[in-house]
Amino acid sequence: MGTQAFDEIMGAGGQDGARPELADLCRWLDETPPDELRRRQHSAETTFRQLGITFAVYGESEASERIIPFDIVPRIFLADEWERLSAGLIQRVEAINAFLVDIYGERRILKEGVLPADLILGNPQFRPEVAGIRPPHDVWAHICGIDLVRTGPDEFFVLEDNARTPSGVSYMLENREAMVRLCPELFAKFRVAAVDSYPDMLLETMKSVAPRGCGQNPNCVVLTPGHYNSAYYEHSFLADSMGIELVEAADLVVDDDVVFMRTIAGRVKVDVIYRRVDDDFLDPLVFRPDSMLGVPGLIAAYAAGNVAILNAPGNGIADDKAIYSYMPEIVKFYSGGAPTLPNVETYRCREPDALRYVLDHLDELVVKLVDGSGGYGMLVGPTASRAEIERFRAALIAEPHRYIAQPTLALSTVPTLVEQGVAPRHVDFRPFLLTGSRGVQVVPGGLTRVALREGSLVVNSSQGGGTKDSFVLLPEHARGGGMTQAMGGMTQTIGGGLA
Amino acid sequence: MLSRTAASLYWLGRYVERADFIARLVEATLRLDVLSPRSAGEDAWRSALAVTDTEDGFAASGAVLARESVARFLLSDSAHPGSILRCLAMARDNARAVRTALTREAWQAINGAWLIFDQQVRRLDSNTTLAVVEAVKAETRGFEGAVHRMLRNQTTLFIRLGQAVERTDNTARLLDVKYHILLPEGERVGGTVDRDQWTTILQTVSAVTAYRWLYSDGLNPANVIDLLLSRAELPRSLAASMEETVIALTGLAKSSGTQGAADRMARNRQARAARTRTGDVIAAGLHQHLQALIVENAQLHDAIGRQFKFHH
Amino acid sequence: MRLSIDHRTTYRFTKPQGRIVQLLRVTPGNTHDQTVAEWHISVDCDARLREHRDGFGNRTTMLYAEGPLDRLEIAVSGEVVTSHSDGVLHGTFEPLPPAVFLRSTPVTDAGEVLAGFAHRMTEGHSPLGALHALNRALHERFALDKGRPEPGLTVDDAFARDTATPRDLAQMFVACARSLDIPARYVTGYCDLQDGRRPTPHGWADGWVEGIGWIGFDPTLALSPEEHHVRIAVALDAAGCAPVAGSRLGEGEECLDVEVRVSGQ
């Protein structure tokens, strides 16, 4: 693994020549001494710590709040690469929405036998409680994060869909802020699409799906579990940058099937809720009769069409691990064409042929539990011990329907600042898509996670992963287009001043 | 503004003010203790407990009444809800819940104050006690400054309201306790111990210099009472605290377009205070006057909660 | 037959409550064999009531009441005309496919002992025969507990006892049926075959047989419900179709008093 990986800057061939469009980045890496890069990286991390962009469960002491390491070398997508990738992402997210409309409505996809019915109907993520409810404008998955890996210039694979409450967008924005401040010269070399309009795009999306009849300026709020939640920074950041209230469940009250927030001047009607709490804690009357958390009556208000909830309750069925391997069929069913963006090849062990193949190739494959609830959920064949492989073999034979298997991929690498200097490290990518009443938009950027350890494929922040800024280059012919303005204008001035 | 946000800001103001007051009280008591003969020193700490209304709580902790034990109880006892440590933890918790409403500077002051206890407080001899007190005072001063530099909007008004209500309570208690503390046997009114006790009060409200500016005839209890009761020039006086309460409530009424029972109570109280002369109060009974004020202040606190719907 | 129903639920609170929001499942729907002639929900305080249908197709009512309230009484009364049906359901509103009712819930997940029992009692039977056999076997195994059901009792714990409430019998029934891969669901409603006043509405079960459809089974009475039963709601378990799911805002304790009278003519 790793040795033959495609490097997104240097290309497939290793050292003898960077990809021509990105030669400027190589030059920048050659010209900027590692100590200078390190100084800037340190400065970015100091800012993040001061801002409180922290993760991990909030404990007793400030020291237990860690930041995710930030890498100063950006990852760059060429304009035409991005265009092709976007088409695939839009197709996928449109299919996810169509799937949710269908599965909680007519269930055509089951009637036509495209998916095994028990896979959906028996899945705990399929919530009968919201079956039959039609969200305003029929949008279910308003904010999606699609996790991708890459193996070549145009070879992207979806690793996971996130259609519930995907997080990480605050890193995308803060990483860009840091890059503009610390490496202005890069924005003079490259024409980078701006991401700072994300809060405006999100607010527009929220307003576009407001229930009919709440006027020009619907009241939108962000619903957070509270300041003990590990993603609280992002919740408050988003509410703040959209200029809307950040509410907790206790701030909301439902009366006569209408949602209100409690303010010092009395109750104020709420029309659109971007919720960052799980389905289970939305409405104790519907989802968890044993729980006191949530807003009693919220689902009734939602079913009555008096409030929009982003993302819609019940979305878990669209990004469930057990559904993932059927996504190509799902995309094909709703879009009518072949999926542009493939899945990582997946063997469903519930199918006898697939199981046989998996048992014969355990040492090459990654085996995962589909319901993920089993604790020791994963076997990485190439690095596993004999005993581990045999343990999984027994488990697979006993309960094949609980497992899927995938080949290990040669994930792409991007130059990254490490102790020894700049070296290739494996990355993945989470772009964000917004769906409102007027269709799907791709945010030109996203969250790149990087495995800081040499050869490692694990990008999780809990296991030594970091993040990078992700540049999306504008097409040559786009001059000062709407998307670039704020950031483009600002960087040019700074860049010009320094040059 | 969300009612919960308003409640958090108000409580943030109250807890920061309370932490600051206890810090000053401990500092002044420490000085009194050092200056006094042994038995009077013990009385000093007993009265510090009385001022914070925590004699029962201290007794229940099982500790023997002494400088170290009381200082620890008031500063860093995590089991005592009225300790500075707990006040700052509550302040920080409220600040965190409204993190985006605060400036970074204001947040850092709260966080910094809370971190003092994370690091140093293991043993409390009189040196470390003073160091902790100094550090707490520095951070609360920093917070005060940061709030003054924030936008004059509902956010700062709720913090100031909380501070003013808390300050009214604290000053009334401080004065009341001194007034009915008995001088140790053999000491005379106007003697050294008595003088030290009055000086301690002035120190607790940072008013030693102010006193000299305002009164030319040396230290005298009636003047100290007058200063704390009715001189609005002194920020920690009852007159100033009541005025500040009215200012904060009026600002909130203006920005929200509504006013209610809390506004009326606060204005009435201030008008009555303006008509009251210190001499009359002393003659009629300072203790009764202060007790009534403490009760009225608690009623105002409840009215504020109702008016801004702090509780559901 | 004509059944008249009077179902009174009274909450008393030790401290006045600021607000109450409740989800009520107390309204029967019309089917081929069940016609609602008259139905009222009345509440003894100022309240707003809103009609809904939930994902299972049940008729529900949202109740919003503003405090201070130290008690709340919900009186449900009406008349329903039923006809003989052999337990097979016709004309019920069924928004969900039967396969949804194969999934278990935390309280209806049959452990080894209960699943073993289900298996032994039904060996060699067709699915329809198996459901009848289960109905009989559960009825015979337990003496009837006429008291109030214990909240949150799991089917495994209920199975270990000598007596069982109608709720527990019905929950054990659905758990057993699902362990045999037969879709089954919990039903709440009213029944006039039980003597006198009842502390709760009645509970029984439906089982799904391919080619026939949903069939009712009442293990409390060892029969299939027909004209003596009035159906109100179905769900995966009893909690899912509880007559009242409530949330109140205020401190203190609550004391609940439920009285159900059903009489048939």
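None of the values given here were measured: they were computed from a predicted structure. Protein chains get the first letters and strands the later ones, always in sequence-line order, with residue 1 at the start of each.
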On a heavy-atom basis, the closest approach of Ala99(C) and Leu121(A) is CB-CD1, 3.6 Å
Heavy-atom nearest pair, Pro128(A) first then Val100(C), reads CG-CG1, 4.1 Å
Which bit of Gln22(C) comes within less than 4.5 Å of chain A, counting heavy atoms only: side chain, backbone, both or neither?
backbone
Contact leader toward chain A among Pro97(C), Pro95(C), Gly57(C), Ala65(C), where contacts are heavy-atom pairs under 4.5 Å
Pro97(C)
Minimum heavy-atom separation for Leu285(A) and Ala245(C), please, with both atom names.
CD2-O, 3.5 Å
Enclosure of Arg148(C) CZ (heavy-atom neighbours >12, cutoff 6.0 Å)
yes
Of the backbone (N, CA, C, O) and the side chain (C-beta and beyond), which part of Ala300(A) lies under 4.5 Å from a heavy atom of chain C, both, or neither?
both
Interchain contact, Asp255(A) with chain C, by part (heavy-atom threshold 4.5 Å)
both
Arg19(C) side-chain N/O to Val254(A) backbone N/O, donor-acceptor pair under 3.5 Å:
yes
Decide if atom NZ of Lys111(A) counts as having more than 12 heavy atoms of other residues, nucleotides or ligands within a radius under 6.0 Å.
yes
Considering non-hydrogen atoms only, spot the tightest contact between Leu96(C) and Ala131(A) and give its length.
CD2-CB, 3.8 Å
Among Leu110(A), Ile133(A), Val253(A), who wins on heavy-atom pairs under 4.5 Å with chain C?
Val253(A)
Is it the case that more than 12 heavy atoms not belonging to Glu112(A) sit under 6.0 Å from its CD atom?
yes
Going through the distances and angles, do Leu23(C) and Val286(A) end up as a side-chain contact (heavy atoms from CB on, under 4.5 Å)?
CA-CA 8 Å; Leu23(C) 189 161; Val286(A) 173; 4.1 Å; yes
Heavy-atom neighbours of His119(C) NE2 exceed 12 at 6.0 Å:
no
I'd like to know if the side chain of Arg103(C) reaches the main chain of Asn123(A), judged simply by a donor and an acceptor atom lying under 3.5 Å from each other, with no hydrogens or angles considered.
yes
Tell me, with the steps shown, if Arg53(C) and Glu129(A) meet salt bridge (charged side-chain N to carboxylate O under 4.0 Å, His left out).
CA-CA 10 Å; Arg53(C) 252 193 209 279; Glu129(A) 296 89 344; over 6 Å; no
Under 4.5 Å from a heavy atom of chain C, the part of Ile120(A) involved
backbone
Candidates Arg50(C), Arg48(C), His52(C) - the one meeting side-chain hydrogen bond (donor to acceptor under 3.5 Å, both in side chains) with Asp257(A):
His52(C)
Given heavy-atom pairs under 4.5 angstrom as the criterion, report whether the side chain, backbone, both or neither of Phe126(A) touches chain C.
both
